[in-house]
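These notes concern the structure reproduced below.
Below, chain A is the first sequence line, B the second, and so on; all start at residue 1.
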Amino acid sequence: MNSNLIWLVALPLIGSAVAAIVVRYKFLDRLITFLTFATTLFVLFSVHVGQSYSWGLNFLGTTLNLTLNVSHLSIFMLYISIAFGTVLTFYSLIDHSRMKGFLLLLILAANNWIFMSNDMVGFFFAWELMGWASVVSVLGGREREKSRHAALYYMIMSVSGSYSMFFGIFTLWRLTGTFSISANIAYLSSIVGIHPWWVLGIVSLFFVTFMIKAGIFPFHTWVPLAYAYSPDAFTPFLSAVMSKYGIYGMLLFMPLSLMERGFPSAFGGVPWTNYIFVWIGVITAVLGTVLAIFQDDVKKLFAYSSLSNLGYVVAAIALFTPVGITAGIFHAFNHLLFKGTLFITLLAVISRSGTSKLSEMGGLWKKMPITFFTFFVGIASAAGIPPFNGFGSKWLIYQAMIKQHLPFATILLFLASTGAFMYLFKAFHSIFLGQLSHDYDRVKEVSAVGKITEFFLMFAMTFFGVQPGYILKPIGAIVKSMGLKPLPVMANGYVTGMFSNIYVPLISWSLAVSFTLGFILFFVSAKHKYVSQENNYTAGQIPEDWGLTPETYQFSWNFYQPVEKLFAPFFRIKIDGFFRGTGDWTKTIGSAIKEIFVGNAQMYAFFAIVGLIIFVIAGWMA
Amino acid sequence: MSQSQWSELVNYFRGRSMWMLHYCTGCGAIELPPVMTSRWDMERFGIIPMATPRQADILLITGYLSIKTLKRVVYTYDQMSTPKWVLGFGSCTINGGIYWDSYNVIDRLDKYIPVDIYIAGCMPRPEAIMDSFIKLREMVQKGEAKGYEKYTKNYEWYKANQDHVFGRSEPVLRKAEEVTKSA
Amino acid sequence: MTILLKLIQGIGVGALSIAVGLLFIGIGRKITARIQRRYGPPPIQNFFDIFKLLSKRSISHGFAFDLGLIAGFSALLAAVVFLPMGQINIFPHNSSLIMIIYLMTMAYLGMAMGVSSSGNPNATIGIARALTMMMGYEVPFAAVIFSVYIFSRTGSLANIVAAQSGGFLNWNLVRLPFGFVAAEIALQGMLGEKPFDMTIAPSEIASGPMVEMGGKYLGFGMLQHSIGLFIETGIMVDLFLGGASNIWIFIAKQFVLYFAALMINAIMPRFRIEEGVSFMWKFPLLLGVVQALIVVL
Amino acid sequence: MLKYVKTLNSMGLKARPLGDWEFEVLTPKERVAETLSYLKGSGFETFIHLMCVDWIDDGEFELVYNVESYGEAIQALVKTRIPREKPSMMTMMNLWGLCQVYEREIHEFFGIKFEGNPNLEQFFLENWMDLPPLRKDFDTKEFSEELFGFKEDESHGIKAPERIEYK
């Protein structure tokens with residue numbers, strides 16, 4: 001019995017209550033949020049693997065045991081999520097978005113509960129708490145109408161996911177009579193050889209929920225909306241931490257080694273259920289990338305980018321090999337770090353420029369140099385460029401895929417990676433590079449708090465890039481706890497894939513030496529002088545008489561027009577082929593799907609009723 | 001290695017690699033394709049055409065310059081980094097050529113920017129252009145082509161000449177009162 | 001002591017790659033001139049050019065411009081030391097191909113950042129074209145390298161070279177012919193030679209990324225190009241032509257590849273961007289996929 | 001072609017053929033719009049050019065509207081004369097929007113005001129304050145000497161050619 005576990009949940013709840021009281025005083029609200037996060041992180045230091053806590057709850061005459069249990073995976077997730085939350089809340093102490101601190105604390109409570117919970121009732125309750133709190137959080141975006149629509153959409157998706165999970169939980173309970181997650185998984189793995197289809201069905205119910213939360217194809221539709229229209233200070237948390245709940249859930253069920261015993265193998269020794277899942281991940285990665293290339297709203301762009309990265313993670317963990325799981329969790333961590341950083345810098349940029357449209361920004365690097373560098377390190381990480389942190393995990397993912405002899409999936413992932421470089425550069429250029437508009441002459445760099453945070457994040461991204469061992473060791477423990485052989489992590493930074501090795505510090509040293517040489521050559525050669533941005537091909541002459549302004553020279557509209565032309569046939573297929581279809585049948589189905597996704601009040605009501613029916617059936621079966 | 005030896009070396013290399021920005025204003029531009037292509041092939045002297053003033057060492061003005069064009073030429077010249085040289089091509093740059101009494105075409109280029117070598121002729125043959133390249137190369141290697149230094153030293157004079165053309169604030173001719181401003 | 005030795009070796013390899021790259025481009029200019037029935041510049045012309053550029057004054061648009069150009073050059077310099085070339089192999093246990101490719105990506109990112117920070121739209125258009133083209137050629141190239149990975153059961157270039165030892169018939173060129181053709185076409189795009197030179201289109205976008213670069217900046221760009229040429233052809237030699245027993249043979253093999261690319265360059269017009277990408281995704285990718293299928297099945 | 005000439009003559013205008021494919025119409029200033037709209041209605045849909053001739057001795061400007069019928073491959077020159085003193089003309093923009101640019105150019109080089117044309121700002125010239133340069137009474141040589149400082153025997157040893165006097 002370790003009562004410190006209960007504090008991890010109780011503290012944020014208390015903090016949330018206090019913050020809710022002072023919600024009118026914005027700074028106080030933020031301060032309490034930050035302090036609660038920091039305290040929770042402090043409490044977390046006393047938590048160790050293997051601790052557990054449980055208490056009984058009298059529910060309708062039966063006693064329900066709520067259990068908290070700390071596994072290797074949970075403590076890893078707890079650390080990264082709370083640490084990131086602390087950084088974020090520290091940063092957002094003085095921002096101007098309409099995020100409510102108490103909602104974030106509610107999510108934190110749910111977050112800790114989800115990661116520690118070892119019973120499905122608690123898990124489900126925490127999941128719901130997290131879902132509703134985040135739905136309400138999304139409501140406070142800059143554009144009220146759109147954020148309301150996004151929140152509604154998100155709510156529908158999240159509720160339907162919850163029904164699915166609810167159904168799954170009660171089915172399992174009826175079969176085993178217990179709510180304990182570990183016991184249920186043990187039960188499932190014992191019957192997987194006998195009734196594979198049953199197990200598949202039950203697990204799918206859970207996986208739908210997790211895929212919705214992680215935004216995996218085909219349940220990705222809520223992601224861009226919710227990310228783009230949520231409050232700017234909340235989006236980092238939404239993207240960095242909350243998308244990982246789905247991954248966590250999948251990892252819980254992965255040790256079933258899914259259908260290895262019940263189903264034949266597909267290519268490369270991967271069970272075919274996993275194989276399908278790998279492809280779902282790959283499709284998500286490619287889809288997210290391609291759609292991100294065409295976005296003009298920067299938050300939407302990075303929403304699709306998150307989609308793409310989670311696709312990578314899913315593809316890697318679905319392999320369920322030591323390299324795959326390591327790569328997947330490592331990438332999930334890296335995604336948390338760099339995408340959190342990117343969204344934090346976006347928060348800074350959007351609050352200063354007042355717009356999230358890429359075509360309206362530009363040239364901010366002279367005004368916000370530190371934010372610019374943070375963003376640069378962020379996109380370098382996201383593009384997987386050594387020595388920053390995204391590289392190791394992407395490299396490992398390729399290794400894992402190749403090890404299973406899946407070249408086509410790997411090629412597509414590589415395409416997604418190159419495409420990632422494209423959209424990242426598009427965002428980078430359109431925000432920071434290019435011509436500075438006169439509208440932004442008075443833009444200032446972030447405050448001291450912001451600078452500290454940005455320096456810290458830059459340091460973190462470089463540190464975990466150069467020394468991946470610090471993060472690969474705990475991941476190794478997780479892999480071991482799943483019953484697999486962990487990757488040999490020789491020294492900090494020496495990563496052994498199955499196909500080749502990299503020694504990341506060596507890359508960093510090589511880069512350091514070559515940059516020194518580059519700088520020496522640069523300063524030895526002839527002098528240069530600095531000129532203004534107007535002194536380029538217009539020769540310092542701004543032909544205002546012709547109605548042209550500096551912004552006219554900012555090239556950010558239709559940035560990848562040739563690519564759009566290239567993909568135009570595919571977009572046509574989507575609209576014409578899918579919805580309008582070749583016959584009435586397709587038409588009907590198409591319009592039905594359209595109804596669901598477009599969503600009017602009747603459809604939502606219909607959803608609620610269907611959910612209710614599922615609920616009743618589940619109850620009856622129980 | 002002493003200072004002078006070093007600059008000698010630098011000048012040698014500069015002479016061996018001269019990149020050209022051709023500012024094609026008049027009819028003379030048609031003489032350049034044979035110079036660039038297989039008939040005369042200026043690349044064998046390390047001279048290649050460049051697309052922007054940033055990259056260029058030679059500014060080749062191929063023909064007459066109206067006032068508006070001259071303004072752009074001056075901008076272009078200012079955008080080039082030192083060392084830089086100007087070649088005036090054809091009679092038009094020397095004395096206005098057939099446009100000698102035009103109301104809109106300047107007569108002598110080196111009033112406005114320093115010209116290192118003039119190529120006479122209307123139009124000069126490609127051989128003349130090649131010859132001017134060789135001359136320029138000899139001058140550069142001997143350290144004689146110093147037009148850009150002249151420009152810096154006598155900037156006031158050049159600037160005054162430029163402003164005289166660009167910045168007119170009153171009519172040039174005395175019959176100003178007869179101008180039908182009401183028209 | 002070993003560290004110092006490796007450092008000196010690394011710098012030596014960097015210098016070698018620059019020299020070889022510049023010489024290649026010079027010889028390439030001469031050959032192109034001869035194909036076009038011109039006399040052409042001397043083969044060492046590029047050394048004159050580099051010297052002149054580094055000694056010429058230049059303009060800059062700010063620290064991002066400086067840093068970007070330095071990054072473009074240095075990251076490639078950092079990548080070249082991991083390339084096994086003949087008997088020169090400084091870090092034999094660290095020659096993962098994907099690592100080298102991603103290191104090169106850093107150079108492109110740096111370059112892109114530098115030239116775009118100048119604010120010249122022509123530069124950005126060039127970069128957008130380059131990135132689009134990169135998406136085009138990396139896909140068939142990825143197909144090929146993953147086929148080679150699976151075929152050789154290793155992802156380290158040094159081991160791939162070792163796996164091809166023992167005569168011409170063991171070369172991947174013979175064993176994986178479709179992959180070689182696909183990679184050769186991808187190489188054309190990588191080197192930015194015609195018909196895939198839409199990035200640097202002097203008449204349309206004023207030489208694209210290089211539009212604001214002059215003096216030493218352009219010099220850094222040229223150095224980057226020459227090292228890039230060295231690495232890209234070097235990777236191809238290691239992947240398909242069985243590496244080499246010493247550095248001279250290695251350079252000779254590289255030159256053979258570059259020569260082939262030059263020949264195509266000299267007689268081809270230019271693709272439009274989306275044509276280039278869709279070409280890359282049709283013929284070379286098909287070959288790459290066929291090769292991957294053959295390897296896997 | 002002759003039918004147009006005949007019709008135009010019957011309208012009281014002086015029209016005569018100039019060759020196989022061209023005829024001219026002399027109209028007073030007030031009837032230009034009428035003539036041009038008649039021609040446009042009968043197939044001369046393409047406006048080619050607007051020219052101006054300075055008849056300095058007559059004290060008149062002559063405006064020449066050049067229109068073409070692609071269907072019959074013939075051109076018509078509609079000529080009108082306006083006095084040199086305070087020259088003005090009504091715009092033809094309602095017939096051809098293209099006229100806007102030509103009229104702007106004519107205004108720039110001859111100083112003819114086109115009533116109804118919204119934009120008669122400088123087009124080719126910059127910062128021009130002298131007489132409109134294509135008028136016959138504008139002395140380009142003197143202007144050139146004054147502004148560009150050109151002297152005929154200036155150190156180059158090249159003698160400038162004799163100036164052709166236009167009558």
Q: Against chain A, work out which of C:R57, C:H61, C:E275 has the most heavy-atom pairs shorter than 4.5 Å and name it.
A: C:H61

(Q) Quick check on the interface: out of C:T132, C:L157, C:I145, who has the most heavy-atom pairs with chain A under 4.5 Å? (A) C:T132

If you count heavy-atom pairs under 4.5 Å with chain C, which of [options] comes out on top?
| options | result |
| --- | --- |
| A:I507, A:L506, A:T516 | A:L506 |
| A:W509, A:F432, A:F376 | A:F376 |
| A:F522, A:F373, A:F388 | A:F522 |
| A:S510, A:S525, A:S417, A:S514 | A:S514 |

Return the [atom1] to [atom2] distance between [X] and [Y], rounded to the nearest 0.5 Å.
| X | Y | atom1 | atom2 | value |
| --- | --- | --- | --- | --- |
| C:I101 | A:W395 | CD1 | CH2 | 13.0 Å |
| A:F428 | C:L109 | CZ | CG | 6.5 Å |
| A:F425 | C:I127 | CZ | CD1 | 5.5 Å |
| C:S58 | A:K529 | OG | NZ | 9.5 Å |
| C:I98 | A:F414 | CD1 | CZ | 6.0 Å |

(Q) Report which part of A:A512 has an atom under 4.5 Å of a heavy atom belonging to chain C: side chain, backbone, both, or neither. (A) neither

Q: Measure distances from A:I379 to the heavy atoms of chain C and classify the residue's part below 4.5 Å as side chain, backbone, both or neither.
A: side chain

**Q.** Chi angles and distances behind the side chain to side chain contact (heavy atoms under 4.5 Å, CB included) call for A:F421, C:M135
**A.** CA-CA 9 Å; A:F421 194 58; C:M135 192 171 80; over 6 Å; no

Should [X] and [Y] count as side-chain neighbours, where that means a heavy-atom distance under 4.5 Å?
| X | Y | answer |
| --- | --- | --- |
| A:T418 | C:F141 | no |
| A:W365 | C:M113 | no |
| A:V524 | C:L54 | no |
| A:Y530 | C:D66 | yes |
| A:T410 | C:Y149 | no |
| C:Y217 | A:H528 | yes |

Q) What is the ring orientation for A:Y398 with C:F146, classed by angle as parallel under 30°, tilted 30 to 60°, or perpendicular over 60°? A) tilted

Region of [X] in contact with chain A, defined by heavy-atom distances below 4.5 Å:
| X | result |
| --- | --- |
| C:A123 | neither |
| C:K56 | backbone |
| C:L69 | neither |
| C:L76 | neither |

Q: Starting from the C-alpha separation in whole Å, work towards a yes-or-no answer on side chain to side chain contact (heavy atoms under 4.5 Å, CB included) for A:I385 and C:Y108.
A: CA-CA 11 Å; A:I385 290 174; C:Y108 301 138; over 6 Å; no

Q: Step by step, work out the side chain to side chain contact (heavy atoms under 4.5 Å, CB included) result for C:T124 and A:L433.
A: CA-CA 9 Å; C:T124 317; A:L433 306 173; over 6 Å; no

Q: List in chain and number order the residues that pass side chain to side chain contact (heavy atoms under 4.5 Å, CB included) with C:S147, two or more places apart in sequence or in another chain; answer none if no residue qualifies.
A: C:Q291, C:A292, C:V295

Q. With sequence neighbours excluded, what pairs up with C:Y137 under the side chain to side chain contact (heavy atoms under 4.5 Å, CB included) test?
A. C:M133, C:M134, C:A186, C:M190, C:M280

Q.
Within residues 5-17 of chain C, which residues come under 4.5 Å of chain A, heavy atom to heavy atom?
A. C:L7, C:I11

Q: Could you tell me whether C:W281 atom CH2 has more than 12 heavy atoms of other residues or ligands within 6.0 Å of it?
A: yes

**Q.** Listed partners of A:F408 passing ring pair (Phe, Tyr, Trp, His ring centres under 6.0 Å), at least two apart
**A.** none

Q.
Determine whether C:V81 and A:V513 satisfy the following criterion, side chain to side chain contact (heavy atoms under 4.5 Å, CB included), listing intermediate values before the conclusion.
A. CA-CA 11 Å; C:V81 297; A:V513 170; over 6 Å; no

